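Have a look at the structure below, then the notes.
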Amino acid sequence: CIYGPHMLIGLCGAELVDKPAVGASQGLLGLVSYLGAANAGIPLSYVVNRFGWDGYFAAMAAACVVALCLLAPLVGAKSRAQQQEQHTPALA
C-alpha cells in the first residue's frame, strides 16, 4: 500500500497526544508528510543526475538509517491511554 507510511505517521501522532489535540496533531503531521512527498523528487532527481542510480539507492539507504535513528526514541513510548491506565489503581 503506497499510503502505509502516511497512515502510520498519523497513527503514531494520534496515540501520543491527548484527545483534544488529536486533530491538531493530524493536521500538522499531514502537512509535513505531504510537503515532504511533494518535494522529494527535487533532491532525488539531482542525486540521480549527478551520481546515477547507485547514488540514488545509497541515498535511499541513508535516509532509512536516518529515519530509524529519529524514530528510535519512540520505541518504548506509551500512549496517553497506557499512561493513564498505569497511574489508575486497579480495582480488586
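Remember, predicted model here, so these are calculated numbers, not experimental data.
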Fill in: Set of side-chain hydrogen bond (donor to acceptor under 3.5 Å, both in side chains) partners for Ser33, sequence neighbours left out
His6
Worksheet item: How is the hydrophobic cluster of Ile42 composed, in terms of its other members, when Ile, Leu, Val, Met, Phe, Trp and Tyr link through side-chain heavy atoms under 4.5 Å apart, directly or indirectly?
Response: none
Worksheet entry | Heavy-atom pair of closest approach, residues Ala14 and Val22 | O-CG2, 4.0 Å
Discussion item. I'd like to check the side chain to side chain contact (heavy atoms under 4.5 Å, CB included) partners of Leu74; sequence neighbours left out, ordered by chain and number.
Written reply: Cys12, Leu16, Leu71, Ala77
Practice prompt. Give me the other members of the hydrophobic cluster that Val32 sits in, counting Ile, Leu, Val, Met, Phe, Trp and Tyr linked by side-chain heavy atoms under 4.5 Å, directly or via other members.
Written response: none
Worksheet item: Between Trp53 and Phe57, what is the ring plane arrangement, given parallel below 30°, perpendicular above 60°, and tilted in between?
Response: tilted
Item to complete: Sequence neighbours left out, what pairs pass salt bridge (Lys or Arg N to Asp or Glu O under 4.0 Å) with at least one residue falling in residues 16-42?
Response: Asp18-Arg80
Worksheet item: Is Leu28 isolated, or which residues cluster with it under the ILVMFWY side-chain rule of less than 4.5 Å, directly or via members?
Response: none
Fill in: Closest approach of Val47 to Ala59 (non-hydrogen atoms, all atoms of both residues)
CG1-CB, 4.3 Å
